[in-house]
Amino acid sequence: MSWLPLSFGAPMVLWGLLALPVIWWLLRLTPPRPQTEVFPPLRILARVLRREETPQQSPWWLTLLRLLMAALIVAALAEPVFNPREKLPAEGAALALVIDNDWASAADWGKRVATAERLIADANSNGVPVLIAFTAEKPNAEIGPFDAAAALDRLRAAKPRPIPTDRPAVYARVASALESLPGASVAVLADGLAAQGDEAAFNTLLSKNAARVVWAVSDRLSLTGLTGADNQVDGFALTAIRAPGDPAPAQVTAGAFDDKGRRIADATLTFAPGGTTATSTMAVPFELRNDFAYIALDGERQAGAVRVLDESSKRRRVGLLSQAEADQAQPLLSPLYYIRRALQPFADLVEPSSVDLADAIPQLLDQKPAMIVMADVGTIPEQARRRLVDWVDKGGTLVRFAGSRLAAAGNDDDLLPVRLRTGERSLGGALSWTAPQPVTEFPKTGPFADLAPPTEVTVTRQVLAEPTPDIVERTWATLADGTPLVTGMKKDKGTLVLFHVTPEATWSNLPISGSFVEMLRRIVQLSRNQGAAVANAEAAATSLAPYRMIAADGTLVPPTPDARPLVPGAGPLPVTLENPPGLYGSETGVFAHNLLVGDSAFTPLARPEITVPVTTIQYAFDEQRNLKGPLVTAALVLMVLDTLAVFWMGGLLSRRPRRGGAAATAAVLLIALGALIGHADVARADDAKPEDTEAIGDISKTRIAYVLTGEPGVDSISRAGLEGLARFLIEKTALEPGAPAGVDISKDELSFYPLIYWPIDPSAPMPSEAAIARIDAYMQQGGTVLFDTRDQFANGIGADSTSPATERLRDILGNLNVPPLEPVPSDHVLTKSFYILPEFPGRFAGSPLWVEASLEASNTENRPVRTGDGVSPIMITANDFAGAWAVDENGDPLLPTVPSDPMQRIYALRAGVNIMMYMLTGNYKSDQVHVPVLLERLGQ
């Protein structure tokens, strides 16, 4: 029975409301006992005439109170529900929940979980088991059947993954489990995106004992993804896609961020009406483009809207040099013509204004190129040669092409990868016995290992290398007769490369082939960061460890436990649970592994042909509220009021000799009321205060307190951290603090502690206004609170992407009287209260320690004395102090530092000592400026 927006689970009970007139009549018939008042002068008359007095009727307000109480009890027994929802078909032999938890479900994951919870609740009311399977988890994950409680635990433990779905494998496992459960209900909670193999997967799932189907869909497929971010000549070319079917135009904004999450540039991409692809160019200088770490679409909280960038996306400045005069009438014969055409799409080219090598080479080096290409350059002047050799040793990449000048110049061990024979070798001429030679397979140890050999390329002339023991290691490309075509070697931090043919199509047709462009591109990649990046050949031969991963909601996070090393290949690599999207490698060089590729498209998932009954629902939160508990609570409150009214009318609350008995009776009733409604959330005031002995124990020793957040893991680390700091204080200083104290800021006395450490945890309940007011009073009265968000490496993507811990801290500080803050200055008392410290690291490093700002920050001479008189009431950090201080029973550290540096933990403990000394002694270090005056007076 349903009367919107109210329904009743047992509507027949409402007929009990018809008994209210009978109850009214009974209450009027049996009113409460009247109050008796004794008037001493009339005692004699009372003995003469004793008659029993009965009131005529109950007061109207007491009758109304009791009728209302009866009506509330009847309504509560009818199980009322506000804003009821329709019961979902979760019946039969079992309920099979198949949920997509891939990246496309991250944006509205909360709604999907709420929908699944309603299905499990309905299955529980029908008494059927639940199978629950996720399409983006490990293939061997257990799927049940479970009871409702176990299914809810697995549902709430699941989270969206930044990978595509694997419906065929998961649906097959569910179908196999349904073979023994005929007549089951199947609920498909899909992400709305079509994937390869969907038709076969749905046929497998729905052909095995499915009696009915629940099909859950979103309102619309509103995903927007980033499929391309190519660094071109004039800027980054961006490509975004969206699902078809939206006739309205749309605009999205893309932001470019550096490796610290700072926004550098913006670009707007516009979708035409009905269009699914939008392009734009982020036009910024190439020096700034080289700082891009990732590009993300604003407002899209999913992994498809983020694209990480590696060294292959950064343009390099390449210098071109040739001794030949440019012939404008015949540009194809220019030594640099084909090199320019090959490098221009992915490099910024610079050329000297002079043809004199003594001037041209310094001009190029002054522009700090990553690579210099020399087309048939012979003897180099000594002064320019020394600068060129030094540039190579420091990380430059020098690429040289052969020619008549180089062949006649002789060997230069500092600027050539191999020693050359004098003269040239001619192949296929009228006086030669040999034919033009083709290019054979590229050596596996060179940077061209994954390129296909150009079958159309032949060589007619070349300069030969002297055979040496290391000639094979330095050969990057060979001809069919085994002679080198390209040689290269590492020289100190730089690289030397030599093409044994000319850069124009006179000795070989290599410069006019497509392989020439790819070969130069690989060499430019080797020149990144002046040779500090990992070469493609080395990366292809080894696996790269996970470095930074893209979470399902689009944030950059540390590697997950499931992530495994990635082996780069020639083509696009699949995104899996073991290789999620993100950056692989290390600080010296990374490889970008993105979710979407250039030809990706969002195809809406079409509902398959289903022969069994289908119920279509939408993802939504459950707004249903059960009113039985509040109604029972209201009825019990009215019962207490009725009892007190009866006591008052009978005189039990007004007669002084019987006041104690009435109070005792009221107390008994209140205790009984608490026992009846113990399941309800009843606010109770705790007026208990610490005893004198407890207060004396708290102030007998200096104790550091920490806030009890209610999260066991956070509280245990806080206690272990303060215990580790206390050990260090006892070992290094004269202070012997007591055991750390965990305090409940809503009721415990705070004035006993000089410092309270508060780890901010977003999953902990938000403190009440009263608790925050107590903290504010504690700070105003001289106490200090050290807030620690512990989120130095947990920032999200975007300029406004603050971590949940920082957001929670902002909410707390919004209700406090916080003074102006500043990072600890270099001359602050905190930097020298015990140890000399330039910074205050914890388990993490890099976040400043914020304290109350100086009132005279410009007066650096008086600053330590003037501002050190009072101690800062607030300190804020993100470095996780307690995590660095925490030790076990043996005194061994519990958590590693990031980065893993033993000295960082020592500096963190020293920072804790400085903070404690600052709390206990104030500005005694700053007062040392008066030492000369004091010594002078003592001398007098």
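Throughout, residue positions are numbered sequentially from 1 according to the sequence presented. This structure is a prediction, so every number in the text was calculated from the model and none was measured.
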Chemist: Quick one: do Arg161 and Asp562 make a salt bridge, cutoff under 4.0 Å?
Modeler: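 Asp562 and Arg161: salt-bridged.
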
Chemist: I'd like to know if Arg790 and Asp761 make a salt bridge, using a cut-off of under 4.0 Å between side-chain N and carboxylate O.
Modeler: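 Yes, Arg790 and Asp761 are salt-bridged.
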
Chemist: Are any side-chain N or O atoms of Thr555 and backbone N or O atoms of Ala551, one a donor and one an acceptor, separated by less than 3.5 Å?
Modeler: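 Not confirmed, Thr555 side chain does not pair with Ala551 backbone.
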
Chemist: Counting distance only, does the side-chain N/O of Arg242 pair as donor-acceptor with the main-chain N or O of Ser222 below 3.5 Å?
Modeler: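 The answer is no, because no donor-acceptor pair under 3.5 Å joins these two groups.
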
Chemist: Tell me if the centroids of the rings in Trp215 and Tyr619 come within less than 6.0 Å of each other.
Modeler: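 For Trp215 and Tyr619, the ring centres are not under 6.0 Å apart.
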
Chemist: Taking distance alone, no hydrogens or angles, what donor-acceptor pairs closer than 3.5 Å link side-chain atoms of residues 163-170 to residues at least two apart or in another chain?
Modeler:
| residue | atom | partner | partner atom | Å |
| --- | --- | --- | --- | --- |
| Arg167 | NE | Asp100 | OD2 | 3.3 |
| Arg167 | NH1 | Leu193 | O | 3.2 |
| Arg167 | NH1 | Asp198 | OD1 | 3.0 |
| Arg167 | NH1 | Asp198 | OD2 | 3.0 |
| Arg167 | NH2 | Asp100 | OD2 | 2.8 |
| Arg167 | NH2 | Asp191 | OD1 | 2.8 |
| Arg167 | NH2 | Leu193 | O | 3.0 |

Chemist: Are Lys138 and Glu578 close enough for a salt bridge, meaning some N to O gap below 4.0 Å?
Modeler: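 Between Glu578 and Lys138 there is no salt bridge, as every charged N stays at least 4.0 Å from the carboxylate O atoms.
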
Chemist: Closest approach of Leu269 and Ala254, non-hydrogen atoms and distance?
Modeler: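 Result for this residue pair: CD1-CB, 3.9 Å.
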
Chemist: Side chains of Tyr338 and Val517, heavy atoms from C-beta outward: is any pair under 4.5 Å?
Modeler: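 No, every pair of side-chain atoms sits at 4.5 Å or beyond.
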
Chemist: Do Leu309 and Phe257 come within less than 4.5 Å of each other through their side chains, counting heavy atoms only?
Modeler: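 No, their side chains stay 4.5 Å or more apart.
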
Chemist: Any side-chain heavy atom of Val399 within less than 4.5 Å of one from Met371?
Modeler: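 Yes; the side chains approach each other to less than 4.5 Å.
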
Chemist: Of all residues at least two apart in sequence or in a different chain, which pass the side-chain contact (heavy atoms from CB on, under 4.5 Å) check with Glu199?
Modeler: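 side-chain contact (heavy atoms from CB on, under 4.5 Å) check on Glu199 returns Asn203.
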
